[in-house]
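In this text, all values refer to a predicted model and were calculated from it rather than measured experimentally. A, B, ... follow the sequence lines: proteins, then strands. Residue 1 opens every chain.
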2 protein chains.
Amino acid sequence: MEKENVTIYDVAREAGVSMATVSRVVNGNSNVKQATKDKVLAVIDRLDYRPNAVARGLASKKTTTVGVIIPDVTDMFFSELARGVDDVASMYHYNIILANSDDSGTKELQVLENLLAKQVDGIVYMGNGLREQLRNQFSHSNVPIVLAGGVDEVNQIPTVNIDYTAATKDAVTKLIKNGHTQIAFIPGNMQQAINQKYRLRGYQEALEEAGIAFDETMVFDAQYTYNAGFELANELYATTATAAFVGADELAAGILNGLTDRGVNVPEDFEIITAINTKLTQITRPQLSSISIPMYDMGAVAMRMLTKLMDKENIENGHLSLPYGIISRQTTR
Amino acid sequence: MEKENVTIYDVAREAGVSMATVSRVVNGNSNVKQATKDKVLAVIDRLDYRPNAVARGLASKKTTTVGVIIPDVTDMFFSELARGVDDVASMYHYNIILANSDDSGTKELQVLENLLAKQVDGIVYMGNGLREQLRNQFSHSNVPIVLAGGVDEVNQIPTVNIDYTAATKDAVTKLIKNGHTQIAFIPGNMQQAINQKYRLRGYQEALEEAGIAFDETMVFDAQYTYNAGFELANELYATTATAAFVGADELAAGILNGLTDRGVNVPEDFEIITAINTKLTQITRPQLSSISIPMYDMGAVAMRMLTKLMDKENIENGHLSLPYGIISRQTTR
DNA sequence: CTGTTAGCGCCTTCAA
DNA sequence: TTGAAGGCGCTAACAG
């Protein structure tokens, strides 16, 4: 019952060859006579030999595993990215160590430490922004890193994103074209660079182009939760806003339902456009109009990029912007 | 810039002790004089030494990483479980290798192979049921395994679940009490043991207790998707059913919206109760009544159980049933 | 309390 | 085309 671990040495003995030869056939090395190769393969099969990846990792200094730092797997946006990462990873025979960071600086550092200790060959970092301290750690290590769905303010590290500024501008412009001048800007956490810098700029550019003055009271800070949105709806109700750009679907769903509960008709009295396009957009009633972000692809592309980096290939462009779209559903006219 | 990897040997030399001593302080071993301990710690700090977990794994035969086989991280139910698993794992200083299986038999086997090659100390398996072949592989390996949110028909492997039969029975009974006799049973994929055996039994028991004859035409097979539900709504509309038990929230949301679009009033004309209680239940309008499952806890408890197994502690009860509840929202009267 | 000495299982020159 | 031998970085007896 207790199958003792069979090692490369056992295989070698049984096959009457040296372990070097076994290693060669296991690793698909060219220079092995077909006959001995077959012989070895047969023994491997018979003994049910499975190469020990840990030993292999120690000897070869490659673990074929990559670390994935994610704020929270239960977040629909990030889990979709993670799926893209894993699919491409397994395509290239890598495994992923997934570590939740809760977007907390200290947790991230600790997680990174673990990952490096485990000798991961590369790291995919997800987060709403890259903190100073973490960026330092990254640059101190020799492991390649790619950011997926997050921005690096100093553009030091390869990233895969969409053009958040342009997307936000497009979305807001759409609202403006529908006749709105009082447009609430509710991107989520305003501390995050992605909101504070990129999205806000897009919002402002859209206003400017339309000759609408920027009004600070139209900017709202919020948690990325349904309840935060639901409560924010009351606040919103008391303003002169007639439309809103919202940075996340759950938040938008909360706002939508909160507004609806107060008797506001969406989109007749109030229009909403959200920024992510998760499944939620189809489930709310009315359905949420949204910027469509290729989440899965962002993860997949980031991982693909990482494989190149790990192979020491040159990356032509380290800052990819994937295409996005705008999907009109029922919360816009 | 290129920091050569500092090894335990470097630390030993710098501190003027043997590597064994360094190993001792790194591993918090008792028998080290405080003075030398401090000395070593200082050097470790100065050299920025980080133990190589791969080497450690090879020498100690423990990798402090566990494998997590998950159908799909983007599934709200499973990602919630995964979060529970990861939190407890990191609490016990384990990392998790997450691998998506798409609930596919061949992928699962392949993933398991990888995990075992990587010498994981344990495995948390998530899935809607445990396939014969996989169970065999499990029992052939010496790695402890626990199922989270999935059933093992032969109760061979430790599991953490809720009592699906009882929960379904409660939910259906609630519907019956509200006056329904034509209750659709839409658990999702009827091939899965969890539906075919456990939930179906609960449904039947509830009917039986109420003296209602089981009607096969009230049983519907469906994919776990919003669209499947949306389309099923039409089918449902054509039957005499006046209420439904649904096995998953997305599916339920689809049914709800589909019915609503056809002019059916929920809950006045039709009641729905769903089986998971993800965030979706609060987002739909009307909000979905639901069985509440402690997803996060299931993952957490499963992982905690696994730590015990990995420590070779005895498990009193290998088949845990966590408490569940029924939350009445707006799709039931 | 500390050092010495074998490995852990595999990869990888270097010779043959 | 194959084998021998030396690590990879660390743990774990076993001495002292």
Under 4.0 angstrom between T21(B) side-chain N/O and dT2(C) OP1 or OP2:
no
Pairs where residues 107-125 of chain B contributes a residue and the test salt bridge (Lys or Arg N to Asp or Glu O under 4.0 Å) is met, not counting sequence neighbours
R50(A)-E113(B), K62(B)-D121(B), D102(B)-K107(B), E108(B)-R131(B)
Could you tell me which residues satisfy salt bridge (charged side-chain N to carboxylate O under 4.0 Å, His left out) with D87(A), sequence neighbours excluded, listed by chain and number?
R83(A)
By side chain to side chain contact (heavy atoms under 4.5 Å, CB included), which residues pair with A42(B), not counting sequence neighbours?
none
Give one of base, sugar-phosphate or nothing for V17(B), where a contact means two heavy atoms less than 4.0 Å apart.
sugar-phosphate
Partners passing salt bridge (charged side-chain N to carboxylate O under 4.0 Å, His left out) against D75(B) (at least two apart in sequence or in another chain)
none
For a quick check, with a 4.0 angstrom heavy-atom cut-off, what is the B/S/- contact string for nucleotides 6-16 of chain D, read 5' to 3'?
-BBBBBBB---
Holding to side chain to side chain donor-acceptor pair (under 3.5 Å), I want the full list of residues that pass it with Q119(B), two or more places apart in sequence or in another chain.
none
Would D311(B) and K308(B) pass as an ion pair if we require N to O under 4.0 Å?
no
So if I take the C1' atoms of five pairs at each end of the helix from dC1(C)-dG16(D) to dA16(C)-dT1(D) and get each local axis, what angle do the two axes make, rounded to 10 degrees?
30°
Would you mind listing every salt bridge (Lys or Arg N to Asp or Glu O under 4.0 Å) that reaches into residues 34-47 of chain B, with sequence neighbours excluded?
E14(B)-R46(B)
Rounded to whole Å, CZ of R13(B) lies from C1' of dG3(C) at a distance of 17 Å
Pairing residues for K197(A) by the side chain to side chain donor-acceptor pair (under 3.5 Å) criterion, not counting sequence neighbours:
none
Roughly, in whole Å, what's the span from NZ in K39(A) to C1' in dT1(D)?
12 Å
